[in-house]
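So the structure is just underneath, and the comments pick up after that.
So that the names make sense, note that chain A is the first sequence line, chain B the second, and so on, each numbered from 1. Below, all heavy atoms of this structure are taken into account, side chains as well, without hydrogens, waters or symmetry copies.
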2 protein chains.
Amino acid sequence: MNVVNNSPRRRELIRVAAQLFVQEGFDRTTVRMLAQEMGIKSGSLFHHFRDKQEILCAVIEEGTHNALSIAHEALAQCDGGAEARLHAMARAHLETLLTDRNAHVVALYEWRRLDEASRDHLGHLRDAYEQLWQEVIGDALEAGLIRGDKFLVSRFVLGALNWTVRWYDPAGAYSPDALASELIGMLGAPAATPA
Amino acid sequence: MNVVNNSPRRRELIRVAAQLFVQEGFDRTTVRMLAQEMGIKSGSLFHHFRDKQEILCAVIEEGTHNALSIAHEALAQCDGGAEARLHAMARAHLETLLTDRNAHVVALYEWRRLDEASRDHLGHLRDAYEQLWQEVIGDALEAGLIRGDKFLVSRFVLGALNWTVRWYDPAGAYSPDALASELIGMLGAPAATPA
DNA sequence: CATTTACACTAGCGCTTGCTTGGTTAGCCT
DNA sequence: AGGCTAACCAAGCAAGCGCTAGTGTAAATG
(Lines give C-alpha, C1' and ligand atoms only; values in the text may rest on other atoms or scores of the structure.)
Protein backbone atom coordinates (compact mmCIF):
# COMPACT_ATOMS: atom_id res chain seq x y z
CA MET A 1 0.00 0.00 0.00
CA ASN A 2 2.58 2.51 1.00
CA VAL A 3 6.32 2.91 1.36
CA VAL A 4 8.81 3.78 4.08
CA ASN A 5 10.20 6.57 1.95
CA ASN A 6 11.89 9.76 3.00
CA SER A 7 10.04 12.29 0.88
CA PRO A 8 9.90 15.99 1.78
CA ARG A 9 6.15 15.59 2.14
CA ARG A 10 6.72 13.00 4.80
CA ARG A 11 9.08 15.36 6.62
CA GLU A 12 6.39 18.00 6.65
CA LEU A 13 3.83 15.57 7.98
CA ILE A 14 6.18 14.52 10.75
CA ARG A 15 6.62 18.13 11.80
CA VAL A 16 2.88 18.63 11.97
CA ALA A 17 2.45 15.42 13.92
CA ALA A 18 5.09 16.44 16.45
CA GLN A 19 3.25 19.65 17.21
CA LEU A 20 -0.04 17.87 17.65
CA PHE A 21 1.50 15.19 19.86
CA VAL A 22 2.85 17.91 22.14
CA GLN A 23 -0.44 19.79 22.25
CA GLU A 24 -2.70 16.82 22.87
CA GLY A 25 -0.52 13.87 23.77
CA PHE A 26 -0.07 10.86 21.52
CA ASP A 27 -3.08 8.88 22.68
CA ARG A 28 -5.47 11.79 22.49
CA THR A 29 -4.32 12.75 19.03
CA THR A 30 -6.58 10.92 16.59
CA VAL A 31 -5.67 10.06 13.03
CA ARG A 32 -8.48 12.38 11.99
CA MET A 33 -6.91 15.30 13.84
CA LEU A 34 -3.55 14.53 12.29
CA ALA A 35 -5.07 14.35 8.83
CA GLN A 36 -6.98 17.59 9.24
CA GLU A 37 -3.90 19.46 10.40
CA MET A 38 -2.02 18.03 7.43
CA GLY A 39 -4.72 19.10 5.01
CA ILE A 40 -5.68 15.59 3.92
CA LYS A 41 -8.32 13.03 4.88
CA SER A 42 -7.68 10.40 7.49
CA GLY A 43 -7.55 7.55 5.00
CA SER A 44 -4.75 9.23 3.05
CA LEU A 45 -2.59 9.23 6.12
CA PHE A 46 -1.95 5.54 5.74
CA HIS A 47 -0.37 6.08 2.40
CA HIS A 48 2.53 7.77 4.17
CA PHE A 49 2.71 5.76 7.36
CA ARG A 50 2.00 2.12 8.08
CA ASP A 51 0.11 2.98 11.25
CA LYS A 52 -0.15 5.59 13.97
CA GLN A 53 2.80 4.06 15.85
CA GLU A 54 5.09 4.68 12.90
CA ILE A 55 4.33 8.41 13.06
CA LEU A 56 5.35 8.54 16.69
CA CYS A 57 8.52 6.62 15.93
CA ALA A 58 9.36 8.95 13.04
CA VAL A 59 8.90 12.04 15.19
CA ILE A 60 11.21 10.79 17.91
CA GLU A 61 13.77 9.45 15.47
CA GLU A 62 14.08 12.80 13.75
CA GLY A 63 14.55 14.64 17.04
CA THR A 64 17.14 12.26 18.43
CA HIS A 65 19.01 12.13 15.15
CA ASN A 66 19.23 15.91 15.06
CA ALA A 67 20.44 16.06 18.65
CA LEU A 68 23.21 13.61 17.86
CA SER A 69 24.45 15.41 14.77
CA ILE A 70 24.28 18.84 16.40
CA ALA A 71 26.29 17.54 19.34
CA HIS A 72 28.91 16.01 17.06
CA GLU A 73 29.13 19.23 15.10
CA ALA A 74 29.46 21.33 18.25
CA LEU A 75 32.30 19.16 19.49
CA ALA A 76 34.07 19.27 16.13
CA GLN A 77 34.00 23.08 16.02
CA CYS A 78 35.50 23.29 19.44
CA ASP A 79 39.12 23.40 20.56
CA GLY A 80 40.32 20.58 22.74
CA GLY A 81 39.70 22.11 26.18
CA ALA A 82 37.53 20.01 28.49
CA GLU A 83 35.61 23.03 29.72
CA ALA A 84 34.95 24.28 26.19
CA ARG A 85 33.73 20.85 25.17
CA LEU A 86 31.44 20.60 28.17
CA HIS A 87 30.02 24.02 27.45
CA ALA A 88 29.56 23.18 23.78
CA MET A 89 27.61 20.03 24.64
CA ALA A 90 25.33 21.81 27.09
CA ARG A 91 24.72 24.64 24.67
CA ALA A 92 24.05 22.25 21.80
CA HIS A 93 21.60 20.33 23.96
CA LEU A 94 19.69 23.47 24.88
CA GLU A 95 19.66 24.66 21.29
CA THR A 96 18.27 21.41 19.89
CA LEU A 97 15.76 21.44 22.73
CA LEU A 98 14.59 24.75 21.28
CA THR A 99 14.78 24.24 17.53
CA ASP A 100 13.36 20.72 17.67
CA ARG A 101 11.34 21.37 20.78
CA ASN A 102 8.25 19.46 19.74
CA ALA A 103 10.13 16.34 18.76
CA HIS A 104 12.09 16.34 22.02
CA VAL A 105 9.06 16.90 24.19
CA VAL A 106 7.43 13.96 22.45
CA ALA A 107 10.55 11.85 23.00
CA LEU A 108 10.55 12.75 26.69
CA TYR A 109 6.86 12.31 27.42
CA GLU A 110 5.58 9.76 24.94
CA TRP A 111 8.46 7.31 24.98
CA ARG A 112 6.40 4.66 26.76
CA ARG A 113 3.78 4.65 24.02
CA LEU A 114 6.28 3.21 21.57
CA ASP A 115 5.98 -0.48 20.80
CA GLU A 116 8.86 -2.72 21.75
CA ALA A 117 10.50 -2.79 18.32
CA SER A 118 10.60 1.01 18.01
CA ARG A 119 11.73 1.43 21.58
CA ASP A 120 14.61 -0.92 20.91
CA HIS A 121 15.61 0.83 17.71
CA LEU A 122 15.41 4.34 19.14
CA GLY A 123 17.06 3.20 22.35
CA HIS A 124 20.28 2.64 20.47
CA LEU A 125 20.23 6.17 19.09
CA ARG A 126 19.61 7.57 22.55
CA ASP A 127 22.38 5.45 24.05
CA ALA A 128 24.84 6.81 21.51
CA TYR A 129 23.91 10.33 22.55
CA GLU A 130 24.25 9.59 26.24
CA GLN A 131 27.61 7.94 25.69
CA LEU A 132 28.85 11.10 24.02
CA TRP A 133 27.89 12.97 27.15
CA GLN A 134 29.67 10.48 29.34
CA GLU A 135 32.88 10.93 27.38
CA VAL A 136 32.77 14.70 27.67
CA ILE A 137 31.94 14.52 31.36
CA GLY A 138 34.64 11.95 31.90
CA ASP A 139 37.18 14.35 30.38
CA ALA A 140 35.92 17.20 32.55
CA LEU A 141 36.34 15.02 35.63
CA GLU A 142 39.89 14.10 34.70
CA ALA A 143 40.68 17.73 34.10
CA GLY A 144 39.49 18.48 37.63
CA LEU A 145 36.76 20.75 36.34
CA ILE A 146 34.02 18.95 38.17
CA ARG A 147 33.80 16.24 40.77
CA GLY A 148 31.84 13.03 41.21
CA ASP A 149 31.08 9.78 39.47
CA LYS A 150 31.06 9.89 35.67
CA PHE A 151 27.70 8.16 35.25
CA LEU A 152 26.01 9.92 38.12
CA VAL A 153 27.13 13.36 36.96
CA SER A 154 26.02 12.60 33.40
CA ARG A 155 22.57 11.67 34.58
CA PHE A 156 22.23 14.62 36.91
CA VAL A 157 23.29 17.02 34.15
CA LEU A 158 21.01 15.47 31.52
CA GLY A 159 18.16 15.61 33.99
CA ALA A 160 18.75 19.27 34.72
CA LEU A 161 18.93 20.07 31.01
CA ASN A 162 15.89 18.05 29.98
CA TRP A 163 13.84 19.61 32.76
CA THR A 164 14.32 22.98 31.08
CA VAL A 165 11.54 22.14 28.62
CA ARG A 166 9.19 22.68 31.55
CA TRP A 167 10.18 26.23 32.38
CA TYR A 168 12.66 27.69 29.93
CA ASP A 169 11.37 30.67 27.98
CA PRO A 170 13.72 31.56 25.12
CA ALA A 171 12.28 35.09 25.14
CA GLY A 172 13.40 35.48 28.75
CA ALA A 173 16.66 36.68 30.23
CA TYR A 174 18.83 33.71 29.32
CA SER A 175 20.11 32.58 25.94
CA PRO A 176 21.01 28.91 25.54
CA ASP A 177 24.64 29.96 25.70
CA ALA A 178 24.13 31.87 28.94
CA LEU A 179 22.10 29.07 30.44
CA ALA A 180 24.83 26.55 29.64
CA SER A 181 27.33 28.82 31.38
CA GLU A 182 25.10 29.07 34.43
CA LEU A 183 24.79 25.32 34.65
CA ILE A 184 28.53 24.75 34.38
CA GLY A 185 29.17 27.58 36.80
CA MET A 186 26.92 25.85 39.30
CA LEU A 187 28.75 22.57 38.90
CA GLY A 188 32.28 23.56 38.45
CA ALA A 189 35.11 23.94 40.82
CA PRO A 190 35.81 27.67 41.23
CA ALA A 191 36.84 29.51 38.09
CA ALA A 192 40.43 29.76 39.22
CA THR A 193 41.64 26.17 39.48
CA PRO A 194 45.06 25.56 41.00
CA ALA A 195 47.74 24.77 38.44
CA MET B 1 -24.55 9.25 43.40
CA ASN B 2 -21.34 9.20 45.32
CA VAL B 3 -19.26 11.29 47.67
CA VAL B 4 -15.83 12.85 47.76
CA ASN B 5 -15.00 10.93 50.90
CA ASN B 6 -11.63 9.88 52.17
CA SER B 7 -12.27 6.26 53.04
CA PRO B 8 -9.49 3.68 53.32
CA ARG B 9 -11.14 1.86 50.44
CA ARG B 10 -10.68 4.93 48.30
CA ARG B 11 -7.02 5.10 49.30
CA GLU B 12 -6.53 1.54 48.17
CA LEU B 13 -8.23 2.21 44.85
CA ILE B 14 -6.03 5.24 44.26
CA ARG B 15 -2.95 3.14 44.85
CA VAL B 16 -4.10 0.57 42.32
CA ALA B 17 -4.93 3.30 39.82
CA ALA B 18 -1.50 4.88 40.21
CA GLN B 19 0.19 1.63 39.34
CA LEU B 20 -1.96 1.12 36.28
CA PHE B 21 -1.45 4.69 35.11
CA VAL B 22 2.30 4.16 35.24
CA GLN B 23 2.14 0.83 33.44
CA GLU B 24 -0.19 1.87 30.64
CA GLY B 25 -0.47 5.63 30.72
CA PHE B 26 -3.62 7.47 31.69
CA ASP B 27 -5.32 7.49 28.30
CA ARG B 28 -4.66 3.83 27.60
CA THR B 29 -5.95 2.78 31.01
CA THR B 30 -9.65 2.06 30.61
CA VAL B 31 -12.19 2.18 33.40
CA ARG B 32 -12.68 -1.54 32.81
CA MET B 33 -8.98 -2.22 33.42
CA LEU B 34 -9.08 -0.13 36.58
CA ALA B 35 -12.16 -1.95 37.82
CA GLN B 36 -10.73 -5.37 37.12
CA GLU B 37 -7.50 -4.57 38.94
CA MET B 38 -9.60 -3.28 41.83
CA GLY B 39 -11.68 -6.44 41.93
CA ILE B 40 -14.98 -4.76 41.05
CA LYS B 41 -17.01 -4.14 37.89
CA SER B 42 -16.58 -1.00 35.84
CA GLY B 43 -19.93 0.45 36.83
CA SER B 44 -19.05 0.27 40.52
CA LEU B 45 -16.06 2.50 39.96
CA PHE B 46 -18.27 5.53 39.62
CA HIS B 47 -19.55 5.09 43.12
CA HIS B 48 -16.10 6.08 44.37
CA PHE B 49 -15.11 8.65 41.75
CA ARG B 50 -17.16 11.13 39.77
CA ASP B 51 -15.28 10.33 36.59
CA LYS B 52 -11.96 9.07 35.28
CA GLN B 53 -10.39 12.50 35.59
CA GLU B 54 -11.05 12.55 39.32
CA ILE B 55 -8.99 9.39 39.73
CA LEU B 56 -6.03 10.99 38.01
CA CYS B 57 -6.40 14.07 40.16
CA ALA B 58 -6.58 12.00 43.33
CA VAL B 59 -3.44 10.06 42.43
CA ILE B 60 -1.40 13.19 41.83
CA GLU B 61 -2.80 14.98 44.85
CA GLU B 62 -1.81 12.16 47.16
CA GLY B 63 1.74 12.06 45.78
CA THR B 64 2.29 15.80 45.95
CA HIS B 65 0.75 16.04 49.39
CA ASN B 66 3.08 13.34 50.69
CA ALA B 67 6.10 15.02 49.15
CA LEU B 68 5.24 18.26 50.89
CA SER B 69 4.72 16.76 54.30
CA ILE B 70 7.83 14.59 54.08
CA ALA B 71 9.87 17.64 53.13
CA HIS B 72 8.48 19.65 56.02
CA GLU B 73 9.18 16.81 58.40
CA ALA B 74 12.73 16.40 57.13
CA LEU B 75 13.43 20.09 57.62
CA ALA B 76 11.93 20.04 61.10
CA GLN B 77 14.12 17.15 62.22
CA CYS B 78 17.22 18.92 61.05
CA ASP B 79 19.54 21.32 62.79
CA GLY B 80 19.81 24.78 61.34
CA GLY B 81 22.82 24.30 59.05
CA ALA B 82 22.24 25.23 55.43
CA GLU B 83 24.11 22.19 54.16
CA ALA B 84 22.18 19.83 56.42
CA ARG B 85 18.90 21.34 55.28
CA LEU B 86 19.86 21.04 51.63
CA HIS B 87 20.84 17.43 52.13
CA ALA B 88 17.64 16.71 54.02
CA MET B 89 15.53 18.12 51.22
CA ALA B 90 17.33 16.16 48.52
CA ARG B 91 17.13 12.98 50.55
CA ALA B 92 13.46 13.51 51.30
CA HIS B 93 12.76 14.11 47.64
CA LEU B 94 14.50 10.90 46.62
CA GLU B 95 12.74 8.95 49.32
CA THR B 96 9.27 10.10 48.37
CA LEU B 97 10.20 9.43 44.76
CA LEU B 98 10.72 5.84 45.87
CA THR B 99 7.95 5.21 48.35
CA ASP B 100 5.32 7.01 46.26
CA ARG B 101 7.01 6.26 42.99
CA ASN B 102 3.86 5.51 41.01
CA ALA B 103 2.10 8.67 42.08
CA HIS B 104 5.11 10.82 41.24
CA VAL B 105 5.66 9.23 37.86
CA VAL B 106 2.02 9.92 37.09
CA ALA B 107 2.43 13.52 38.26
CA LEU B 108 5.48 13.96 36.03
CA TYR B 109 4.17 12.30 32.89
CA GLU B 110 0.40 12.69 32.96
CA TRP B 111 0.14 16.26 34.24
CA ARG B 112 -1.12 17.52 30.87
CA ARG B 113 -4.07 15.12 30.93
CA LEU B 114 -5.57 16.98 33.88
CA ASP B 115 -8.45 19.30 33.17
CA GLU B 116 -7.97 22.96 33.87
CA ALA B 117 -9.64 22.98 37.27
CA SER B 118 -7.52 20.13 38.62
CA ARG B 119 -4.38 21.57 37.10
CA ASP B 120 -5.05 24.82 38.85
CA HIS B 121 -5.74 23.18 42.20
CA LEU B 122 -2.73 20.87 42.08
CA GLY B 123 -0.56 23.65 40.72
CA HIS B 124 -0.83 25.46 44.04
CA LEU B 125 0.35 22.38 45.91
CA ARG B 126 3.29 22.00 43.58
CA ASP B 127 4.16 25.69 43.85
CA ALA B 128 4.29 25.39 47.62
CA TYR B 129 6.73 22.52 47.29
CA GLU B 130 8.94 24.38 44.84
CA GLN B 131 8.97 27.44 47.03
CA LEU B 132 10.24 25.34 49.89
CA TRP B 133 13.12 24.30 47.69
CA GLN B 134 13.84 27.87 46.72
CA GLU B 135 14.10 28.88 50.36
CA VAL B 136 16.52 26.09 51.17
CA ILE B 137 18.59 26.79 48.09
CA GLY B 138 18.55 30.51 48.85
CA ASP B 139 19.99 29.79 52.29
CA ALA B 140 22.66 27.55 50.80
CA LEU B 141 23.64 30.32 48.38
CA GLU B 142 23.93 32.87 51.17
CA ALA B 143 26.04 30.44 53.17
CA GLY B 144 28.40 30.21 50.20
CA LEU B 145 27.75 26.52 49.85
CA ILE B 146 26.79 26.74 46.22
CA ARG B 147 26.86 29.39 43.53
CA GLY B 148 24.41 30.76 40.99
CA ASP B 149 20.96 32.20 40.70
CA LYS B 150 18.41 30.99 43.23
CA PHE B 151 15.69 30.13 40.73
CA LEU B 152 18.03 28.67 38.17
CA VAL B 153 19.75 26.44 40.70
CA SER B 154 16.40 25.30 42.10
CA ARG B 155 15.22 24.27 38.67
CA PHE B 156 18.45 22.53 37.76
CA VAL B 157 18.43 20.59 41.02
CA LEU B 158 14.78 19.60 40.77
CA GLY B 159 15.38 18.51 37.19
CA ALA B 160 18.31 16.35 38.17
CA LEU B 161 16.32 14.79 41.01
CA ASN B 162 13.15 14.15 39.04
CA TRP B 163 15.14 12.59 36.22
CA THR B 164 16.21 9.87 38.64
CA VAL B 165 12.86 8.12 38.14
CA ARG B 166 14.22 7.15 34.73
CA TRP B 167 17.34 5.35 35.88
CA TYR B 168 17.57 5.01 39.65
CA ASP B 169 17.50 1.45 40.90
CA PRO B 170 17.03 1.33 44.69
CA ALA B 171 18.58 -2.14 44.70
CA GLY B 172 21.75 -0.69 43.21
CA ALA B 173 24.83 0.81 44.78
CA TYR B 174 23.30 4.06 46.03
CA SER B 175 20.87 4.68 48.84
CA PRO B 176 18.74 7.84 48.66
CA ASP B 177 20.98 9.27 51.33
CA ALA B 178 24.16 8.49 49.38
CA LEU B 179 22.66 9.80 46.17
CA ALA B 180 21.73 13.08 47.85
CA SER B 181 25.30 13.41 49.07
CA GLU B 182 26.63 12.76 45.57
CA LEU B 183 24.40 15.45 44.12
CA ILE B 184 25.41 18.03 46.70
CA GLY B 185 29.04 17.01 46.35
CA MET B 186 28.79 17.68 42.64
CA LEU B 187 27.27 21.11 43.21
CA GLY B 188 29.06 22.44 46.15
CA ALA B 189 32.04 24.66 46.36
CA PRO B 190 34.99 22.58 47.59
CA ALA B 191 34.70 21.37 51.17
CA ALA B 192 37.31 23.88 52.29
CA THR B 193 36.02 27.28 51.18
CA PRO B 194 38.44 30.17 51.45
CA ALA B 195 37.68 32.52 54.31
C1' DC C 1 -38.79 -3.22 63.13
C1' DA C 2 -38.38 0.19 59.38
C1' DT C 3 -35.27 3.02 56.99
C1' DT C 4 -31.15 4.64 55.28
C1' DT C 5 -26.53 4.17 53.63
C1' DA C 6 -22.59 2.14 51.28
C1' DC C 7 -21.19 -0.67 47.89
C1' DA C 8 -21.64 -3.65 44.24
C1' DC C 9 -23.95 -5.62 40.15
C1' DT C 10 -26.04 -6.13 35.06
C1' DA C 11 -26.96 -4.25 30.84
C1' DG C 12 -26.23 -1.27 27.45
C1' DC C 13 -26.38 3.60 25.11
C1' DG C 14 -24.17 6.72 22.16
C1' DC C 15 -20.05 7.80 20.37
C1' DT C 16 -15.15 7.55 18.77
C1' DT C 17 -11.32 4.92 17.62
C1' DG C 18 -7.55 3.06 14.27
C1' DC C 19 -7.57 1.28 10.14
C1' DT C 20 -9.34 -0.86 5.47
C1' DT C 21 -11.42 -0.91 1.08
C1' DG C 22 -12.02 0.34 -3.54
C1' DG C 23 -11.55 3.83 -6.52
C1' DT C 24 -10.02 8.59 -8.63
C1' DT C 25 -6.67 12.11 -10.09
C1' DA C 26 -2.50 14.45 -11.75
C1' DG C 27 2.07 14.30 -13.28
C1' DC C 28 5.99 11.87 -15.19
C1' DC C 29 8.52 8.51 -18.29
C1' DT C 30 9.05 6.11 -22.56
C1' DA D 1 -0.40 8.10 -26.66
C1' DG D 2 -0.23 4.83 -23.18
C1' DG D 3 1.26 3.15 -18.80
C1' DC D 4 2.96 3.77 -14.16
C1' DT D 5 2.84 5.61 -9.71
C1' DA D 6 2.48 8.67 -5.78
C1' DA D 7 -1.09 11.01 -3.59
C1' DC D 8 -5.51 11.50 -2.36
C1' DC D 9 -10.68 10.64 -1.25
C1' DA D 10 -15.42 8.80 0.41
C1' DA D 11 -17.42 5.44 3.02
C1' DG D 12 -17.55 2.48 6.56
C1' DC D 13 -16.37 -1.66 9.69
C1' DA D 14 -15.44 -3.86 14.08
C1' DA D 15 -13.96 -2.87 18.39
C1' DG D 16 -13.66 -0.35 22.27
C1' DC D 17 -14.58 3.82 24.92
C1' DG D 18 -16.57 6.57 29.24
C1' DC D 19 -20.42 6.66 31.57
C1' DT D 20 -25.55 5.93 33.10
C1' DA D 21 -29.71 3.71 34.74
C1' DG D 22 -31.79 0.74 37.48
C1' DT D 23 -31.46 -3.02 40.87
C1' DG D 24 -29.83 -6.05 44.78
C1' DT D 25 -28.01 -6.65 49.39
C1' DA D 26 -25.90 -6.48 53.78
C1' DA D 27 -24.72 -3.56 57.51
C1' DA D 28 -25.53 0.59 60.20
C1' DT D 29 -29.03 3.75 62.18
C1' DG D 30 -33.59 5.67 63.79
Check the phosphate of dC9(D) against Ser44(A), side-chain N and O only, distance under 4.0 Å to OP1 or OP2. Yes or no?
yes
May I have the distance from Glu24(A) (atom CD) to dT16(C) (atom P), rounded to whole angstrom?
15 Å
By nearest-heavy-atom nucleotide on DNA chain C, the more 5' of Gly43(B) and Gln53(A) is Gly43(B)
Rounded off to whole Å, could you give me the CZ-to-C1' distance for the Phe46(B) and dT10(C) pair?
15 Å
It should be established whether Arg9(A) places a side-chain nitrogen or oxygen under 4.0 Å from OP1 or OP2 of nucleotide dC8(D).
yes
Check the distance between dT17(C)'s C1' and Asp51(A)'s CG and give it to me in whole angstrom.
14 Å
What's Lys41(B) touching, base or sugar-phosphate or nothing? Going by heavy atoms closer than 4.0 Å.
base
Can you tell me how far C1' of dG18(C) sits from CG of Asp27(A), to the nearest Å?
12 Å
Length of the CD1-P vector between Ile55(A) and dT17(C), whole Å
14 Å
Would you indicate which nucleotide in dC9(C), dG18(D), dC8(D) comes nearest to any side-chain atom of His47(A)?
dC8(D)
Using a 3.5 Å distance criterion without hydrogens, assess whether the side chain of Lys41(A) forms a donor-acceptor pair with backbone atoms of Gln36(A).
no
Residues Glu37(B) and Arg32(B) bridged, charged N to O under 4.0 Å
no
From the set dC7(C), dC9(C), dC19(D), return the single nucleotide nearest to any side-chain atom of Ile40(B).
dC9(C)
Pick the closest DNA chain C nucleotide for Ser42(B) and for Phe26(A) by heavy atoms, then say which residue is nearer the 5' end.
Ser42(B)
For the aromatic rings, using the six-membered ring if either is Trp, is the centroid distance between His104(A) and Tyr109(A) under 6.0 Å?
no
Rounded to whole Å, how long is the line connecting atom CG of Leu34(A) with atom P of dG18(C)?
8 Å
Taking dG18(D), dA10(D), dC19(C) as options, the one with an atom nearest any side-chain atom of Arg32(A) is dC19(C)
Rounding to a whole Å, what distance do you find between Lys52(B):NZ and dC19(D):C1'?
12 Å
Side chain of His48(A) only, please: which of dC8(D), dC19(C), dC17(D) is the nearest?
dC8(D)
Contact check, side chains of Leu152(B) and Trp167(A), non-hydrogen atoms, under 4.5 Å
yes
SB check Glu110(A) Arg28(A) (cutoff 4.0 Å)
no
Whole-Å distance, Glu54(B) CD to dG18(D) C1', equals 15 Å
